[in-house]
Amino acid sequence: MAATEQTYGTYTAKLMNGPLEGKTIRTEFLESGDPQPRIEIPTGTSGKRYLYVRGADLEFDGEGSEQPTAVAYRFLEAVFE
């Protein structure tokens with residue numbers, strides 16, 4: 001039997017500061033249904049990525065919604081390989 005890929009939905013990651021301040025990206029929830037604790041974003045420069053970590057700000061779409069529609073992320077560091 002072939003394994004099937006299950007998706008857990010997506011949400012908007014709001015980049016609150018750093019080099020990508022004000023930008024947003026779509027990303028997937030973890031298998032647990034929680035937002036990603038950290039996001040690594042490629043820069044277009046070979047071997048360089050920006051690391052953003054989840055903040056406390058969550059936005060929900062209506063009452064009773066279990067998963068947020070948007071999550072704030074704060075810049076932590078640029079990572080070089």
Side-chain angles (χ1 to χ4, degrees):
M1 178 190 287
T4 59
E5 183 177 318
Q6 184 173 0
T7 58
Y8 298 94
T10 61
Y11 63 95
T12 301
K14 293 181 169 186
L15 308 177
M16 305 306 290
N17 64 345
L20 300 177
E21 180 177 358
K23 304 239 186 249
T24 61
I25 61 170
R26 298 292 293 168
T27 192
E28 292 185 2
F29 288 100
L30 298 172
E31 289 181 15
S32 65
D34 295 321
Q36 299 283 338
R38 56 189 263 165
I39 299 173
E40 290 189 23
I41 304 167
T43 65
T45 302
S46 181
K48 182 180 177 184
R49 302 179 314 278
Y50 294 133
L51 177 60
Y52 279 78
V53 294
R54 187 173 72 199
D57 298 335
L58 304 174
E59 293 179 18
F60 293 87
D61 203 14
E63 281 187 40
S65 179
E66 293 182 22
Q67 291 182 313
T69 54
V71 178
Y73 284 82
R74 304 264 177 219
F75 178 72
L76 183 63
E77 64 183 343
V79 179
F80 299 90
E81 291 182 346

Study note, to complete from the structure: Applied to residues 69-79, the side chain to side chain donor-acceptor pair (under 3.5 Å) test, sequence neighbours excluded, yields Tyr11-Tyr73
Study note, to complete from the structure: The side chain to side chain contact (heavy atoms under 4.5 Å, CB included) partners of Thr10 (sequence neighbours excluded) come to Arg26, Glu28
Check your understanding: Side chains of Val71 and Thr27: does their closest heavy-atom pair fall under 4.5 Å?
Key -> no
Check your understanding: Which other residues end up in the same hydrophobic cluster as Leu30, if Ile, Leu, Val, Met, Phe, Trp and Tyr are linked when side-chain heavy atoms come under 4.5 Å apart?
Key -> none
Practice item. Kindly state each residue pair satisfying salt bridge (charged side-chain N to carboxylate O under 4.0 Å, His left out) with at least one member in residues 11-21, sequence neighbours excluded. Key: Lys14-Glu59
Practice item. List for me each residue that meets side chain to side chain contact (heavy atoms under 4.5 Å, CB included) alongside Ser46, sequence neighbours excluded, and say none if there are none. Key: none
Check your understanding: Which ILVMFWY residues are connected to Val79, directly or by a chain of links, through side-chain heavy atoms under 4.5 Å apart?
Key -> Leu51, Val53, Leu76
Practice item. Say whether Ile39 and Phe29 are linked into one hydrophobic cluster, either directly or through other cluster members, by side-chain heavy-atom distances under 4.5 angstrom. Key: yes
Check your understanding: Mind checking what makes side chain to side chain donor-acceptor pair (under 3.5 Å) contact with Glu81, not counting sequence neighbours?
Key -> Arg49
Revision key, fill the gap. Heavy-atom nearest pair, Arg54 first then Pro35, reads NH1-O, 2.8 Å
Check your understanding: Which distance, rounded to the nearest 0.5 Å, do you find between the CG of Leu15 and the CD1 of Ile41?
Key -> 4.5 Å
Review point. With Asn17, which residues qualify under side chain to side chain donor-acceptor pair (under 3.5 Å), at least two apart?
Key: none
Exercise for review: Please name the pair of heavy atoms, one in Gly33 and one in Gln67, separated by the smallest distance, quoted to 0.1 Å.
Suggested key: O-NE2, 3.0 Å
Exercise for review: List for me each residue that meets ring pair (Phe, Tyr, Trp, His ring centres under 6.0 Å) alongside Phe75, sequence neighbours excluded, and say none if there are none.
Suggested key: Tyr50, Tyr52
